[in-house]
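One structure is given here, and the rest of the page talks about it.
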Amino acid sequence: MSDKFDVIVIGAGPGGYVAAIRAAQLGLKTACVEKWVDEKGGAVLGGTCLNVGCIPSKALLESTHQFHNAQHADVHGIQVSGDVTMDVKAMVARKDKIVGNLTMGVAGLFKANGVTLLQGMGKLHGGKKVEVTAADGSSATYEAENVILASGSVPVEIPPAPLTEGLILDNEGALNIDETPKRLGVIGAGVIGLEMGSVWARLGTEVTVLEAMDDFLAAADKDVAKEAAKLFKKQNLDIKLGARCTGTEVIGGKEVKVKYTDANGDQEIVVDKLIVAVGRKPQTQGLLADDSGVNLDERGFIFVNEQCQTGVPGVYAIGDSVRGPMLAHKASEEGIMVADIIAGHHAQMNYDVIPNIIYTHPELAWVGKTEQELKAEGAKIKVGKFPFAANGRAMAANETDGFVKMIACEETDRVLGVHIVSGIASELIGQAAIAMEFCSSAEDLQMTVFAHPTVSEAIHEAALAVDGHAIHMANRKKRK
Ligand SMILES: NC(=O)c1ccc[n+]([C@@H]2O[C@H](COP(=O)([O-])OP(=O)(O)OC[C@H]3O[C@@H](n4cnc5c(N)ncnc54)[C@H](O)[C@@H]3O)[C@@H](O)[C@H]2O)c1
């Protein structure tokens, strides 16, 4: 194998593998370095997202949602004789099969596109040389015209709750719990905490979530956070705000005492499993040799500009290891942008229109700015909100919780943010993202024909409501 490439990508997660495929499609001789190996020594492709993140968590969320629906099928007149039961081991095995198929799929795509896979830990040296050290310690050095660093992130660990096999778990361990715990503790009411808490609450586990901040879902629009808090309470997710974990103690090797402080002083709970989900940090350990020339910022992220260029010409960084939201789709889009730039195309990414989704039920999704952010900026805005309780298709689907909230500029009518709580918010938000990418006004959406009966009509109605013209509800606003 020749040791010179046009592009070497370090990391085969959703940032790295997408960048490698795009670069190869554009005719560039491309290699992708991945250190993750399975128990047989085979390369594990797809990174956190495919293996221990987005995909496996969605498999568990889907299985437990189906279980919940089966338990409540009587709303449709369906009678289930006997108890509906869940075989947790079968659920976990199904999840593993989906993950296996997808990671094999990435290997197939590398082959089909002519991407060379280099197995081992990649380290960038000066002169765009990449040293790859295999699991057996052997190493080889390759040269590239361009290097894309896509090393991802790792979970933050906190001293009061050190990971303990089978008891105190990070996101990876949380995905492999193979029997329903009676009591589950979760530290952090963020994305992972809420998603994994939902999985087990649906199976009957008593779930307590400890959140250090006083505000619930501080990054979300306040209307979304308020609605979500109300609905999660009904789902037996006990979310304690202003509750900071101060220590843990494993009792008898089978349960965990979790100590925390809140407004009332020192507290404790005892749980069978504890999931720590307090955020992630960039993974850069061992990635950069002293002479690489690449700098980190004050928070440990690889320092890049808007086009993901580091300070070294021809060296780029993308995904969780650089500034911006830690989201797979953001990483993939950065990968495509960088591959295009390397191939000499004009490319840029719109960081203002990146959808955020929390896959609870209902799902919480938003794109653009919140009402609070816009007001803090002094923007003049108009807001339209439409509830699913007034949408016929949502009623037919027994999915009447939630709403669509649209925010537009008072002066230009441009849509600035869309916030959705819905059983299928993750799918609906794509419509808002497309509209915003094309700089849509609320009027553009008002004049668009939405099919009836669909849940999407709530987007149309929210756009109409921006000007007090919603049809299927009484408008609070004065019509112009
Ligand atoms: N659906 C998705 O898009 C998805 C799913 C999973 C993960 N992710 C990404 O993975 C990353 C990690 O997710 P996450 O849920 O771990 O992080 P997060 O940042 O979403 O939430 C962590 C929460 O933990 C709280 N916290 C921190 N220290 C605490 C302490 N000592 N005691 C109690 N609470 C504490 C924080 O205030 C915060 O609310 C996020 O960046 C997220 O975007 C995304």
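Order of listing sets the numbers, starting from 1, for every ligand and every atom in it. As the structure is a prediction and not an experimental result, all values here were calculated from the model.
The protein heavy atom nearest to atom 29 (C) of ligand 1 is Val278 CG1, 3.6 Å. Protein heavy atom in closest approach to atom 31 (N) of ligand 1: Ile158 CD1, 3.8 Å. The protein atom (non-hydrogen) at minimum distance from atom 10 (O) of ligand 1 is Arg280 CD, 3.5 Å. In terms of protein heavy-atom proximity, atom 6 (C) of ligand 1 is nearest to Ile192 CG1, 3.4 Å. Closest protein heavy atom to atom 21 (O) of ligand 1: Gly190 CA, 3.2 Å. The protein heavy-atom contact nearest to atom 25 (C) of ligand 1 is Glu211 OE1, 3.4 Å. For atom 22 (C) of ligand 1, the nearest protein heavy atom (residue, atom name, distance) is Ala277 O, 3.3 Å. Protein heavy atom in closest approach to atom 30 (C) of ligand 1: Ile187 CG2, 3.8 Å.
A salt bridge does not link Arg393 with Glu399: every distance from a Lys NZ or Arg NE/NH1/NH2 to an Asp or Glu carboxylate oxygen is 4.0 Å or more. Ionic pairing of Lys58 and Glu195 is present here: one or more N-O contacts between side-chain nitrogen and carboxylate oxygen are shorter than 4.0 angstrom.
Within the 4.0 Å heavy-atom criterion, neither part of Pro325 lies near ligand 1. With a heavy-atom cut-off of 4.0 Å, Tyr359 touches ligand 1 through its side chain alone. When heavy-atom distances to ligand 1 are checked against a 4.0 Å cut-off, Ile357 comes that close only through its backbone atoms N, CA, C and O. In Leu210, the part holding a heavy atom less than 4.0 Å from any atom of ligand 1 is the backbone.
Between the side chain of His419 and the backbone N or O of Lys369 there is at least one donor-acceptor pair closer than 3.5 Å. Put simply, the side chain of Thr205 gets close to the backbone of Pro181: a donor and an acceptor are under 3.5 Å apart. Put simply, the side chain of Glu211 gets close to the backbone of Ala189: a donor and an acceptor are under 3.5 Å apart. Looking at Lys330, its side chain never comes within 3.5 Å of a backbone N or O of Gly324 through a donor-acceptor pair. Put simply, the side chain of Glu249 never gets that close to the backbone of Lys257: no donor and acceptor are under 3.5 Å apart.
For a threshold of 3.5 Å applied to N or O pairs, the pair formed by Glu195 and ligand 1 contains at least one separation below that value. Checked against a 3.5 angstrom limit, the closest N/O atoms of Val191 and ligand 1 fall inside it. Distances between N or O atoms of Gly279 and those of ligand 1 include at least one value under 3.5 Å.
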Is there a salt bridge (charged side-chain N to carboxylate O under 4.0 Å, His left out) between Asp297 and Arg323 once you walk through the steps?
-> CA-CA 9 Å; Asp297 70 15; Arg323 83 285 173 269; over 6 Å; no

Residues Arg202, Gln71; criterion side-chain contact (heavy atoms from CB on, under 4.5 Å); working and verdict | CA-CA 10 Å; Arg202 290 171 194 166; Gln71 279 184 317; over 6 Å; no

Apply the test side chain to side chain donor-acceptor pair (under 3.5 Å) to residues Arg94 and Ser63: give CA-CA distance (whole Å), side-chain angles for both, the deciding distance (0.1 Å), then the verdict.
-> CA-CA 9 Å; Arg94 171 183 177 274; Ser63 295; 3.3 Å; yes

Let me see the working for Gln431 and Ser456 under side chain to side chain donor-acceptor pair (under 3.5 Å), right down to the final yes or no.
-> CA-CA 9 Å; Gln431 300 181 33; Ser456 302; 2.7 Å; yes

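Not close to ligand 1: Gly53, with no non-hydrogen atom less than 4.0 angstrom away.
Below 4.0 Å from some heavy atom of Gly188 lie the following atoms of ligand 1, by number and element: 23 (C), 24 (O), 25 (C), 34 (N). Taking every heavy atom of Cys245 and a limit of under 4.0 angstrom, the matching atoms of ligand 1 come to 32 (N).
Distance screen at 4.0 Å: atom 40 (C) of ligand 1 has no protein heavy-atom neighbour inside the cut-off.
Side chains of Tyr351 and Glu334: a donor-acceptor N/O pair is present below 3.5 angstrom, by distance only.
Scanning Ala212, Ala243, Ala189 for the heavy atom closest to atom 34 (N) of ligand 1 points to Ala212.
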